[in-house]
Amino acid sequence: MKSMKNMKMDGSAAPEHHGGHPRHDHSVAGHKGMKMGDEVAAGAADHGGHQHHDHAAHHRMMINDFRRRFFISLAVTVPILILSPLIQSILGISIELAGSELILFALATFVFFYGGWPFLAGLYAELKKKSPGMMTLIGLAISVAYGYSAVVVFGLKGKFFFWELATLIDIMLLGHWIEMKSVLGASNALEKLAQLMPDTAHKMIDGQVDDVKVSELVKGDLVLIKPGEKLPTDGLIEKGKSYINEAMVTGESKPVHKQEGDKVIGGTINGDGALEVRVGGTGKDSYLSKVIELVRRAQESKSNTQTLADKAAFWLTIIALAAGSVTLAVWLIAGKEFAFAMERMATVMVITCPHALGLAVPLVVAVSTALAAKNGLLIRNRSAFENARKISIVLFDKTGTLTLGKFGVSSIDSFAPEMDENEIIRRAASLEQNSEHPIATGVMEKSRELGLDVPAISDFRAIKGKGVEGKVGDKMYKVVSPGYLKEKGIKIPAGPELREMATVIYLLEGDELVGAISLSDQIRPESREAIRRLKKTGIQCWMLTGDNKEVAKSVADELDLDGYFAEVLPDQKQEKVKELQAVGEFVAMTGDGVNDAPALAQADVGIAIGSGTDVAAETADIILVNSNPEDVTALILFGKATYRKMVQNLWWATGYNFFAIPLAAGVLYKAGILISPAMGAVLMSLSTVIVAINAKMLKVEKEG
């Protein structure tokens with residue numbers, strides 16, 4: 001066994017597993033941190049995906065409400081600006097109306113109560129829950145500004161600032177409107193999954209076709225799927241063959257060939273062949289419903305990163321309230337008028353709003369889980385997914401993961417001058433064409449690959465435990481095992497028998513040995529690239545297999561693995577994971593989710609691969625729909641990219657405050673630099689928009 005390279009001794013701990021705790025509401029009516037897709041999942045399960053989704057509809061209604069409030073408030077802000085003495089002096093105009101201050105007060109009152117209502121309602125909701133947040137800051141800032149200006153209008157000596165109040169509310173409404181559209185875009189991914197299901201299906205009863213609603217289908221029904229149609233349900237093909245486009249549910253870009261006995265997934269698109277499908281999973285048991293439920297849970301579950309963001313948002317709110325109060329007190333002590341001091345306080349509170357912070361992680365969570373699901377990467381445990389960045393070693397199960405798990409022809413040897421490789425395969429295929437044995441399947445696959453026409457056979461007979469024989473044309477041929485040759489005293493050539501990993505069969509013409517065919521479990525074409533990309537990022541790649549050391553070494557050498565464990569029984573795999581963890585490795589285990597269940601549970605990140613439509617692999621943290629090792633690489637790199645996006649968003653959402661708070665408080669006032677409340681709102685909204693855009697730029701890199 002190769003030595004373990006670059007073993008870390010840091011004793012990295014396994015990640016904590018967090019349940020699906022609902023996120024904190026970060027704004028009025030809980031429009032952020034919403035439980036994305038509750039209704040969507042229910043709709044997909046109960047009605048084939050086309051139930052009217054109240055949750056999404058409610059969210060759209062809120063977006064429309066913010067948009068309407070923004071435009072109406074903006075229209076009312078125009079006369080406020082025109083009547084404001086400061087704006088008039090800037091524009092060099094003079095408009096004097098009798099009772100202009102009262103008109104200003106009336107217009108500003110409308111903007112305050114109508115435009116500012118979502119923030120005032122949010123302030124009340126947060127204080128009622130004793131959880132001050134961004135709405136508390138905005139609500140207090142606009143309330144103080146409005147209250148002080150109103151008192152000035154009615155007699156107190158000072159300066160009212162209605163135009164600052166109105167523009168601040170306008171900008172906050174605009175920021176919320178843009179941000180909520182981003183959140184909806186992320187949650188829409190679930191709706192789009194649900195909408196993959198068609199409304200109707202062609203149900204077959206006694207040879208007659210009847211169009212019925214998908215929701216009326218039950219397990220065992222037979223449905224007809226015409227060329228180009230969406231499959232209305234999961235099931236098994238009973239008749240027909242076709243290429244099916246599964247890109248929308250598994251991320252597999254090439255259409256997949258399906259024939260009788262193959263599983264199909266509801267929501268995928270049939271190619272050019274007609275299919276008769278026996279209904280399997282419907283409603284909550286369908287693949288899409290399970291995926292939607294998984295995505296919904298993952299979007300709701302809290303990881304360590306999100307808990308950190310919640311704590312940061314809370315402390316930022318406390319800091320903002322404290323900084324605002326200190327700013328007010330300092331300017332008053334310094335002898336500035338109350339209006340100036342209060343404007344500084346309002347600006348500090350607005351600019352410090354942890355709005356972007358409240359969005360930083362939830363948006364990335366929503367985008368990443370939905371995006372992963374569309375690419376066949378199903379996340380059950382968010383903490384484990386984010387911990388992909390810590391992975392130092394990936395343990396691959398061999399059969400069916402790094403290899404195809406089926407026999408394929410690896411080499412052909414000819415011992416007769418008149419027999420070339422094609423002819424040996426032709427003769428062998430004619431004998432094997434009616435057998436279901438894996439070796440026979442491998443030979444037939446090779447004949448199809450070479451485009452050979454397989455001759456008919458007569459006088460076919462099985463040689464018990466040793467092979468088959470039959471007549472091709474006028475000659476008798478046999479395909480037999482090495483045991484048959486030994487029994488008959490036929491000399492076995494050295495070459496084929498010594499091949500590692502190979503199972504060898506021999507072709508005899510009469511009793512004369514004319515050829516040998518070596519078959520082995522074929523290494524997946526994608527395995528090499530997957531290993532190369534992982535090693536490029538500094539992650540070690542090891543293999544677990546029950547095969548003997550010669551076979552394991554051959555695969556490990558061909559794929560340039562860092563090491564392997566051979567002759568490992570299923571119940572010993574967990575121990576191998578523990579061995580690596582004991583020397584400080586952060587281990588990701590990939591397996592089929594059944595034999596490898598204990599090892600998947602033991603690993604720091606358990607990845608069930610090749611689970612197909614069985615998305616309920618209970619012991620795995622992450623499930624890969626396709627049996628493709630490149631998806632393991634894509635998943636780990638996507639986990640790293642997701643964590644990077646979260647960290648970037650957290651830094652952006654909090655980092656700008658280091659500069660913004662002192663500027664808002666007026667530390668550079670003597671240098672002539674002063675941020676108005678409206679400009680503070682612009683900066684705060686801008687940070688929120690940047691966080692949203694950054695989250696939306698996340699993507700799965702399947703090739704590299």
Side-chain angles (χ1 to χ4, degrees), residues 243-247 249-259 262-263 271 375-377 394-412 421-422 425 438-439 441-452 499-503 517-537 539-545 547 550-564 588 590-592 596 607-612 622-638 700-704:
Y243 280 89
I244 293 180
N245 182 356
E246 296 184 340
V249 293
T250 68
E252 175 56 61
S253 55
K254 295 178 196 159
V256 182
H257 184 258
K258 299 277 185 177
Q259 56 195 15
D262 286 342
K263 283 183 182 179
N375 282 276
L377 319 173
V394 178
L395 268 180
F396 286 96
D397 181 45
K398 180 183 81 75
T399 307
T401 303
L402 292 175
T403 65
L404 292 168
K406 61 182 182 182
F407 276 108
V409 173
S410 52
S411 63
I412 305 160
E421 293 185 357
N422 283 12
I425 291 292
I439 287 175
T441 306
V443 171
M444 294 307 299
E445 188 68 38
K446 187 67 176 177
S447 73
R448 281 192 290 272
E449 185 187 309
L450 295 171
L452 304 176
R499 287 205 177 102
E500 292 174 338
M501 290 182 64
T503 297
I517 301 169
S518 302
L519 298 100
S520 56
D521 186 0
Q522 302 289 287
I523 289 175
R524 287 183 181 277
E526 309 94 350
S527 294
R528 290 176 184 81
E529 180 61 15
I531 301 296
R532 185 193 68 78
R533 287 179 70 196
L534 281 175
K535 291 182 72 171
K536 191 177 172 185
T537 64
I539 295 172
Q540 292 185 63
C541 298
W542 280 59
M543 179 177 70
L544 271 176
T545 179
D547 284 339
E550 287 75 22
V551 171
K553 184 178 186 307
S554 178
V555 175
D557 288 346
E558 189 162 345
L559 292 175
D560 192 26
L561 296 174
D562 293 292
Y564 59 86
T590 69
D592 62 14
D596 306 311
I607 304 167
I609 189 170
S611 301
I622 297 139
I623 299 148
L624 306 185
V625 176
N626 296 319
S627 301
N628 186 342
E630 282 202 283
D631 282 357
V632 177
T633 309
L635 170 79
I636 291 169
L637 297 179
F638 185 53
V700 177
E701 298 281 356
K702 283 216 167 190
E703 295 173 5

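Note that the numbering runs from 1 along the sequence shown for the chain. Owing to the predicted nature of the structure, the values given are computational and were not obtained by experimental measurement. Basis for what follows: all heavy atoms, side chains included, without hydrogens, waters or symmetry-related copies.
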Any idea which heavy atoms bring V409 and G442 closest together, and the distance?
-> CG2-O, 3.8 Å
State which residues pass side chain to side chain contact (heavy atoms under 4.5 Å, CB included) with L637; sequence neighbours excluded, sorted by chain then number.
-> R533, T537, T633
Contacts of type side chain to side chain donor-acceptor pair (under 3.5 Å), residue Q259, not counting sequence neighbours | none
Which residues share a ring-ring contact (aromatic ring centres under 6.0 Å, His included) with F396, sequence neighbours left out | none
How long is the span from the CG atom in D262 to the NE2 atom in H257, to the nearest 0.5 Å?
-> 8.5 Å
So CG of L452 and CD1 of I425: to nearest 0.5 Å the spacing works out to 8.0 Å
Show the numbers, then the answer: is there a side-chain contact (heavy atoms from CB on, under 4.5 Å) between I523 and R528?
-> CA-CA 9 Å; I523 289 175; R528 290 176 184 81; 4.0 Å; yes
E421: salt bridge (charged side-chain N to carboxylate O under 4.0 Å, His left out) partners, not counting sequence neighbours = none
Evaluate the criterion side-chain contact (heavy atoms from CB on, under 4.5 Å) for residue pair V394 and Q540; output intermediate values, then yes/no.
-> CA-CA 6 Å; V394 178; Q540 292 185 63; over 6 Å; no
Evaluate the side-chain proximity of T545 to L402: yes if any heavy-atom separation is below 4.5 Å, no if none is.
-> no
Minimum heavy-atom separation for D562 to I539, with atom names?
-> OD2-O, 4.3 Å
Sorted by chain and residue number, the side chain to side chain contact (heavy atoms under 4.5 Å, CB included) partners of E526 (sequence neighbours excluded) come out as R524, N628, P629, E630
Taking K258 for the side chain and K263 for the main chain, is one N or O donor matched with an acceptor at less than 3.5 Å?
-> yes
Please round to the nearest 0.5 Å and tell me the distance separating atom CD of E558 and atom OG1 of T403.
-> 11.0 Å
Is there side-chain contact between I531 and D560, with heavy atoms separated by less than 4.5 Å?
-> no
Considering non-hydrogen atoms only, spot the tightest contact between W542 and Y564 and give its length.
-> CE3-N, 3.5 Å
Determine the minimum heavy-atom distance between L534 and C541, stating which atoms define it.
-> CB-SG, 3.7 Å
Is the closest side-chain heavy-atom distance between I412 and N422 below 4.5 Å?
-> no
